[in-house]
Undergrad: 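Let me give you the structure first, and then I'll get to my questions.
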Amino acid sequence: MQQRSDVPAEGRSLSDTHMMLYRAFHAQTNFLRPRMAKIGLGPGQPKILGYLGVNGPCSQRTLAEYFELDPAAVSRMLASLSQSGFVRMTQGEDRRTRLAEVTGEGKAALAEWDRCCDEEGATMLEGFSPDEVTQLQDYLTRIHANLRRANRGCAPDREAL
């Protein structure tokens, strides 16, 4: 039986944009994970450390909302970061609110992570012009905004990078 030309082929998702993003993400993960482990950081932890390093002490809820993560996942990451000495948990405005704050050891780990990301960025964008990098960043920003709009009212992604 011949397939209609107006119906996309089965398995088209293996070569569409989502698969290109997925494969790029996994190649990036494979590049960064060993470097992350060498610093003593686990999955999802570098972004938490980076946020705290830039924005200062904040609540678990703020982190969960910013990264669109399940608060329990953020809580586990903070507990591990605290146990490693990269983050200190302090009391907030009231007894129920705890704030996460990066430590000196955490700042050193973050500086090393930033160097890893610089290396990854240079590798990933080799051969790209500055205009192409700007365009790519714009496209990714727009993709994120489109997906956020589509997901309004839905539960956040439970996976942590």
Undergrad: Compare every heavy atom of L52 with every heavy atom of A100, then report the nearest pair and how far apart it is.
TA: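 The answer is O-CD2, 3.4 Å.
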
Undergrad: Restricting to non-hydrogen atoms, name the atom on S15 and the atom on M20 that form the minimum distance, rounded to 0.1 Å.
TA: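 In terms of heavy atoms, the two residues are closest at O-CE, 3.7 Å.
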
Undergrad: Under 3.5 Å, side chain of N30 to main-chain N/O of H26, donor-acceptor pair present?
TA: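 Judged by distance alone, yes, a pair lies under 3.5 Å.
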
Undergrad: Check this for me: does any side-chain nitrogen of one of E65 and R61 sit under 4.0 Å from a carboxylate oxygen of the other?
TA: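 Counted as a salt bridge, because a side-chain N and a carboxylate O are separated by less than 4.0 Å.
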
Undergrad: Ignoring hydrogens, what is the shortest heavy-atom contact between P43 and M77? Give both atom names and the distance.
TA: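 Looks like O-SD, 3.9 Å.
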
Undergrad: Report whether V133 and M124 are members of the same hydrophobic cluster (ILVMFWY, side-chain heavy atoms less than 4.5 Å apart, transitive linking).
TA: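 Yes.
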
Undergrad: If hydrophobic clusters are built from ILVMFWY residues whose side chains come within less than 4.5 Å, do Y22 and L136 share one?
TA: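 Shared cluster, no.
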
Undergrad: With no hydrogens and no angle check, is any side-chain donor or acceptor of Q60 less than 3.5 Å from a backbone partner on P71?
TA: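 Confirmed, Q60 side chain pairs with P71 backbone.
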
Undergrad: If hydrophobic clusters are built by linking Ile, Leu, Val, Met, Phe, Trp and Tyr wherever their side-chain heavy atoms come under 4.5 Å apart, do L125 and L140 end up in the same one?
TA: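 Both belong to a single hydrophobic cluster.
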
Undergrad: Can you name the residues that form a side chain to side chain donor-acceptor pair (under 3.5 Å) with S80, not counting sequence neighbours?
TA: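 Side chain to side chain donor-acceptor pair (under 3.5 Å) list for S80, sorted by chain: Q45.
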
Undergrad: For the pair T141 (side chain) and Q137 (backbone), establish whether a donor and an acceptor sit closer than 3.5 Å, ignoring hydrogens and angles.
TA: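 Indeed, once roles are kept as given, a pair shorter than 3.5 Å links the two residues.
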
Undergrad: Minimum heavy-atom separation for L49 and A109, please, with both atom names.
TA: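 Smallest heavy-atom distance, with atoms named: CD2-CB, 4.0 Å.
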
Undergrad: For the SG atom of C117 and the CG atom of L110, what is their distance to the nearest 0.5 Å?
TA: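 One finds 9.0 Å between SG of C117 and CG of L110.
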
Undergrad: So Y66 and Y51, would you call those rings parallel, tilted or perpendicular, with 30° and 60° as cut-offs?
TA: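 Tilted, since the angle between the ring planes falls between 30° and 60°.
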
Undergrad: Working to the nearest 0.5 angstrom, can you tell me the gap between Q91 CD and L99 CG?
TA: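 Taking CD in Q91 and CG in L99, the distance rounds to 8.5 Å.
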
Undergrad: Roughly how far, to the nearest 0.5 Å, is CD of Q28 from CZ of R33?
TA: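 Here the interatomic distance stands at 10.5 Å.
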
Undergrad: Side-chain contact, heavy-atom cut-off 4.5 Å: M36 with C116?
TA: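 No; the side chains remain at least 4.5 Å from each other.
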
Undergrad: Is there side-chain contact between E120 and R35, with at least one heavy-atom pair below 4.5 Å?
TA: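 Result no, sub-4.5 Å side-chain heavy-atom pair not found.
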
Undergrad: Can you check whether D16 reaches S13 side chain to side chain, under 4.5 Å on heavy atoms?
TA: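 Counting from C-beta outward, D16 and S13 do come under 4.5 Å.
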
Undergrad: Between CZ of R98 and SG of C58, what distance do you get to the nearest 0.5 Å?
TA: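 Between atom CZ of R98 and atom SG of C58 there are 12.5 Å.
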
Undergrad: Stepwise, does the side-chain contact (heavy atoms from CB on, under 4.5 Å) test hold for L21 with I143?
TA: CA-CA 11 Å; L21 282 170; I143 287 168; 4.2 Å; yes

Undergrad: Does any non-hydrogen side-chain atom of L41 lie less than 4.5 Å from one of L81?
TA: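 Side chain of L81 against side chain of L41, heavy atoms only: contact under 4.5 Å found.
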
Undergrad: So do L78 and L63 actually touch side chain to side chain, heavy atoms under 4.5 Å?
TA: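 L63 vs L78: side chains touch.
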
Undergrad: Do any N or O atoms from the side chain of T103 and from the backbone of F86 form a donor-acceptor pair under 3.5 angstrom?
TA: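 Yes.
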
Undergrad: Find out if a path of hydrophobic residues (ILVMFWY) with successive side-chain heavy-atom gaps under 4.5 Å connects F128 to F31.
TA: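 Unlinked, F128 and F31 end up in two clusters.
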
Undergrad: So, do T62 and N55 sit near enough that their side-chain heavy atoms are less than 4.5 Å apart?
TA: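 Heavy-atom side-chain distance check fails, nothing below 4.5 Å.
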
Undergrad: Measure the CG-CG distance between D114 and D118 for me, rounded to the nearest 0.5 Å.
TA: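 Reported to 0.5 Å precision, the distance equals 6.5 Å.
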
